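Every chain is numbered from 1, with letters handed out A, B, ... down the list of sequences. The structure presented is a predicted model; accordingly, all values stated were derived computationally and were not measured.
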Number of protein chains: 2
Amino acid sequence: MELWYTEKQTENFGITAKITRTFVSEKTDFQDLAMIDTIEFGRMLVLDGMVMTTIKDEFVYHEMVAHPALFTHPNPEKVLVVGGGDGGVIREVLKHPKVKKAVLVEIDGKVIEYSKKYLPEIAGELDNPRVEVIVNDGYMHIHDHKATYDVIMVDSTEPVGPAVELFTKGFYQGIYDALKDDGMFVAQTDNPWFKADLIKTVNRDVKEIFPIVRVYCANIPTYPSGLWTFTLGSKKYDPLQVDEAALPEISTKYYTPRLHKAAFVLPRFVEDLVK
Amino acid sequence: MELWYTEKQTENFGITAKITRTFVSEKTDFQDLAMIDTIEFGRMLVLDGMVMTTIKDEFVYHEMVAHPALFTHPNPEKVLVVGGGDGGVIREVLKHPKVKKAVLVEIDGKVIEYSKKYLPEIAGELDNPRVEVIVNDGYMHIHDHKATYDVIMVDSTEPVGPAVELFTKGFYQGIYDALKDDGMFVAQTDNPWFKADLIKTVNRDVKEIFPIVRVYCANIPTYPSGLWTFTLGSKKYDPLQVDEAALPEISTKYYTPRLHKAAFVLPRFVEDLVK
């Protein structure tokens, strides 16, 4: 018998992957959670019917959330990751020796539990002594911590289910307040092919709060359209002012110092969404 | 009844699109040809079970085949397109006023016929007086025309069916010979996620023939992995030496002068394939 996992990325378009095993398929307190094994992309975490991460392509998303911001901020000592219970962003954050403390606030403890068990390549640094893991609502955490963080990374699901509030202007204002005076944040902001309006709205909202707003892209095969956007809002430091030649090489598979600025050069139809 | 077109992009992974209509589904002298209408991507040309082009995302591929080379060559008067019977690359080529003549050599006349009928937005310039359309084997045409072209663009299917010979070293040597002394070519060279070996092989072969070889990427949602590579081989002019600030703005939806060099900055795992 052949089993295929099919994700309808829109009402009328999807991806389909042959699977060899289902490790977990359950309803947590917050969402449907599945951990499956696919032939093409390896083990895969699926939340509310959407691929969150896979062994084969996870490096793109996790590197591209973490490194552009951390190589822009000159001294990112205290970093917050909202969501990201699989631990992939945390793993990348810890590659920066300047980071003294990385706090992960994930609303769904089951994501952490199953990621540690089934995705150890991704979740393996969650027990690192530089990391504090908090199972809580990121929105609440943000509002309880004023002027606390150098960099905040929003590694959320798409704006359905528990992540809806993570795409509101109130949340971005909360992030602003939770950042130190020279802080910055980055959030995944979905894809420009099927969610153009979302990108426009987020960009407009963030621009009303942060003086420096930049959008960059990366290719993620298992995410809708294969092209993902990230929105960076900053109080002081501009990622486009970074001296690429001075960036150290770190161990990555997607991000490079050469790509630091190039990732911000957008196709015209994306440029038009955020100008 | 719901009808879905599913393309297995690999043995174990695919895309699926809801369709509303099948205009054509036939076996030509060279391949299986289907013209279908999808809700998400509009009308779609499918050859041998692989999406060739769709109304919604065709601009990416066609612009990114044409413009990096044509904005690198200082005087691209005579351009050859091998394959590309849908006419999309030709449409982009004609946006360059320096092009006096664009020759299209497509092996399968049915692709041209049905593209004109069902994809007029794409094929509409095939009757332009600056265009000569030849239904013939591109390999043969190349070998019959020495030192003839300024720029050659290989807009082939993937290396199965009639396009197999368009990925051989003999073909690249033929292209070299068909180019003038300062000519260049560009070819679509598949995706780095599922076809890494192909990209390595092509890169090695082209480097043995052309002094300047550059690889760039673009995001195409309906192509496998969403990340597509293009390989440019040049006798004299280097796309990375272009003065972007001097490039004119032309009407595009993906390519911009700002993207001209940024497209050549590769993710590390792609960089590693071609260094």
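- A distance of 8.5 Å separates OG1 in B/Thr38 from CZ in A/Phe13, rounded to the nearest 0.5 Å.
- Taking chain B as the reference chain and counting heavy-atom pairs below 4.5 Å, the highest number among A/Phe194, A/Tyr5, A/Tyr255 is found for A/Phe194.
- In this structure, chain A has no heavy atom under 4.5 Å from any part of B/Lys261.
- Inspection of non-hydrogen atoms places B/Ala262, B/Val265, B/Leu266, B/Pro267, B/Arg268, B/Phe269, B/Glu271 of residues 262-275 of chain B under 4.5 Å from chain A.
- When heavy atoms are compared at a cutoff of 4.5 Å, B/Asn191 does not approach chain A at all.
- Relative ring orientation between A/Trp193 and B/Phe41 is described as tilted, the plane-to-plane angle lying within the 30° to 60° band.
- The greatest number of non-hydrogen atom pairs below 4.5 Å with chain B, out of A/Ser225, A/Gly226, A/Ala17, is found for A/Ser225.
- Contacts between B/Phe59 and chain A at a heavy-atom distance below 4.5 Å involve the side chain alone, from C-beta outward.
- With rounding to the nearest 0.5 Å, the separation of CD1 in A/Ile220 from CG in B/Asn219 is 11.0 Å.
- Here the straight-line distance linking atom OG1 of A/Thr16 with atom CG of B/Asn12 works out to 10.5 Å at 0.5 Å rounding.
- With respect to chain A, the highest number of heavy-atom pairs below 4.5 Å among B/Glu7, B/Met64, B/Lys18 belongs to B/Lys18.
- Heavy atoms of A/Thr6 lying under 4.5 Å from chain B belong exclusively to its side chain.
- In the displayed structure, A/Glu11 atom CD is contacted under 6.0 Å by at most 12 heavy atoms of other residues, nucleotides or ligands.
- With rounding to the nearest 0.5 Å, the separation of CD1 in B/Ile15 from CD in A/Gln9 is 9.5 Å.
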